[in-house]
Amino acid sequence: MRVYDVIEAKKQDRELNEEEISFFVKKVADGSAADSQIAAFCMAVYFNGMTDEECFCLTRAMAESGTCAPRPKAEGVYADKHSTGGVSDSTTLVLVPVLAALGVKCAKYSGRGLAHTGGTLDKLESFPGLRVDLSPEEFERQVERVGGAVSGQTSETVPADKRMYAVRDVTATVDSIPLIASSVMSKKLASFADIILLDVKCGDGAFMKTAHEAEKLARLMVSIGSKAGRKTLAAVTDMGAPLGDNIGCNAEVNEVLQILRGEKENDLSELSLFHAAKILQAANGCSKEESIEAVHECVRSGAALKKLAEIVSAQGGDGRQVYGNFPLAKNVFCVEAKEEGWVDVSALALGRACAALGGGREREGEGVDHAVGILLKKRRGDHAEKGETLAEVYYNRDQGEGLALAESAFTVSDKKIRRRPLVRAFFGGERR
Ligand code: URA
């Protein structure tokens with residue numbers, strides 16, 4: 001068999017078998033398949049799709065292409081949550097300490113922000129000294145000892161995905177449902193989580209623009225996780241508007257700290273606690289009402305904030321910083337309503353504005369300015385008077401387009417804007 005034959009078969013829209021897929025993935029991981037061959041394969045999948053069985057085989061082969069974090073020896077249920085990426089989505093930073101404080105061990109592998117989306121690892125680095133490059137052994141030990149850890153996966157974890165993702169990124173093949181599903185789930189299966197909750201975003205700030213596409217992706221990932229013997233849950237949630245009120249690393253961490261200190265309730269707190277309750281219910285079989293009460297009490301009592309401090313300290317940061325706030329950049333620009341009316345706001349435009357001001361990155365490996373922040377003063381569906389502040393933008397330097405993008409993210413019109421439900425669909429939970 002040659003890599004060429006696998007590409008040819010997929011180009012002809014023939015269903016690949018397990019042997020062909022494993023062969024191809026092995027050649028990707030060991031470097032013997034050329035980038036051009038990976039690109040051709042991805043483009044063939046982009047146009048011809050994959051059956052669920054092909055996608056499962058691809059995911060498993062990718063998950064097995066590297067070294068997996070060892071499962072901790074301690075008994076218990078291990079959970080992971082994954083969001084497909086969005087703007088002002090800091091659910092991980094709320095959910096992990098809540099669950100860990102409630103005894104559900106959270107082994108959370110996260111990523112960095114790219115383009116308009118923010119990344120949990122960048123946000124965590126707002127805590128000076130905090131490490132997000134834990135080795136698999138350090139990760140395992142921390143999950144066991146503290147109950148939660150958030151780290152990036154090493155390049156040895158799923159090398160086939162790392163190579164394929166880099167090629168997809170420059171060949172316009174990122175937005176293929178089977179390729180996204182296998183990429184995300186290969187990293188989940190390479191971890192030891194028993195429960196996986198997938199938050200699939202839809203809307204202009206997400207990969208999947210429509211709820212229909214997001215649901216297709218969510219169902220495929222649930223089927224892959226369930227087939228692999230993991231309890232897999234998925235939600236389809238709205239990412240037309242930013243989830244929280246703050247965008248940018250320090251600003252988003254400040255918002256998380258306000259939520260965990262009981263000082264703020266908004267869509268971000270609602271969704272984070274919704275996901276936490278779903279995982280708690282799946283972990284210990286309690287009722288929906290009991291799990292909702294437990295997660296809310298965990299925040300009210302301060303237990304979640306204390307757990308976040310422990311996690312921060314365990315990863316090399318100063319846990320006492322959860323009781324303070326992180327600084328924002330020195331210059332402030334106010335986006336004002338040009339007329340009176342109903343406000344709409346684009347997550348995509350605000351994410352781009354934050355990145356253009358240096359708060360995000362265009363290319364992998366670039367640094368981010370943690371102090372860049374956009375604080376929403378009005379949200380989708382709110383009413384504003386002419387001249388009222390819609391958002392405050394904190395920045396150190398503007399190359400000309402960041403502030404303009406922030407302004408363009410808002411529209412104010414005389415048409416009343418309907419708020420969309422936050423959770424559009426929820427399903428999964430069965431093992432095969
Ligand atoms: N996130 C991933 O990890 N992989 C994709 O393909 C898309 C988003």
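Using modelled atom types, one finds a donor on one side chain and an acceptor on the other under 3.5 Å when comparing Thr92 with Lys81. Inspection of the Asn246 and Asn254 side chains reveals no N or O donor paired with an N or O acceptor under 3.5 Å. Ser83 and Asp89 share a side-chain donor-acceptor pair at under 3.5 Å. Defined by atom type and a distance below 3.5 Å, a donor-acceptor pair is present between the side-chain atoms of Ser110 and Lys108. Side-chain contact of Asp344 with Thr411: a donor-acceptor pair under 3.5 Å is absent, judged by distance alone.
Taking CG of Leu273 as the start and SG of Cys298 as the end, the distance is 9.0 Å to the nearest 0.5 Å. Taking CG of Asp238 as the start and CZ of Arg420 as the end, the distance is 5.5 Å to the nearest 0.5 Å. Separating the OG1 atom in Thr210 from the NZ atom in Lys216 is a distance of 8.5 Å, to the nearest 0.5 Å. Of the inter-residue distances, the one linking Met239 atom CE with Lys209 atom NZ reads 11.0 Å to the nearest 0.5 angstrom. Note that the NZ atom of Lys10 and the CD1 atom of Ile21 stand 7.5 Å from one another [nearest 0.5 Å]. Here the CG atom belonging to Asn266 is positioned 5.0 Å from the CD atom belonging to Glu255, to the nearest 0.5 angstrom.
Few gaps surround CZ on Phe333; more than 12 heavy atoms of other groups in view lie less than 6.0 Å from it. No more than 12 heavy-atom neighbours from other residues, nucleotides or ligands sit within 6.0 angstrom of CZ on Arg352. Atom CD of Glu401 is surrounded by 12 or fewer heavy atoms from other residues, nucleotides or ligands within 6.0 Å. Counting heavy atoms of neighbouring residues, nucleotides and ligands inside a 6.0 Å radius, atom CZ of Arg397 does not exceed 12 of them. More than 12 heavy atoms of other residues, nucleotides or ligands lie within 6.0 Å of CD in Glu340, so this atom counts as buried by the packing criterion. Residue Lys264 places its NZ atom among more than 12 non-hydrogen atoms of other residues, nucleotides or ligands, all under 6.0 Å distant. Counted within 6.0 Å of CZ on Arg300, heavy atoms from surrounding residues, nucleotides or ligands total more than 12; the atom is thus considered enclosed. More than 12 heavy atoms of other residues, nucleotides or ligands shown are found within 6.0 angstrom of NZ on Lys378.
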**Prompt:** For Arg361 and Asp122, what are the C-alpha separation, side-chain angles and deciding distance, and is it a salt bridge (Lys or Arg N to Asp or Glu O under 4.0 Å)?
**Reply:** CA-CA 10 Å; Arg361 63 172 67 76; Asp122 297 313; 2.9 Å; yes
**Message:** Quick one, Arg380 with Asp267, criterion salt bridge (Lys or Arg N to Asp or Glu O under 4.0 Å). Give me CA distance, side-chain angles, the key distance, then yes/no.
**Reply:** CA-CA 12 Å; Arg380 166 180 282 166; Asp267 283 358; over 6 Å; no
**Request:** Show your working on salt bridge (Lys or Arg N to Asp or Glu O under 4.0 Å) between Lys231 and Asp194 and close with a plain yes or no.
**Result:** CA-CA 6 Å; Lys231 205 178 253 191; Asp194 307 296; over 6 Å; no
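Across Glu64, Arg163, Met62, a single residue satisfies side-chain contact (heavy atoms from CB on, under 4.5 Å) together with Val25, and that is Met62. Among the candidates Val412, Leu376, Val345, the single residue satisfying the side-chain contact (heavy atoms from CB on, under 4.5 Å) test with Leu390 is Val412. The residue from Phe192, Phe139, Tyr109 that alone fulfils the ring pair (Phe, Tyr, Trp, His ring centres under 6.0 Å) condition with Tyr78 is Phe192.
Leu328 is listed as a side-chain neighbour of Leu375, based on a closest heavy-atom distance under 4.5 Å. Side-chain contact between Cys55 and Met185: absent, with no pair of heavy atoms (C-beta onward) separated by less than 4.5 Å.
Ion pairing between a basic and an acidic side chain is recognised when a charged N comes within 4.0 Å of a carboxylate O; Glu137 and Arg141 show no such pairing.
When every heavy atom of Asp175 is checked against every heavy atom of Tyr46, the shortest pair comes out as OD1-CE1, 3.4 Å.
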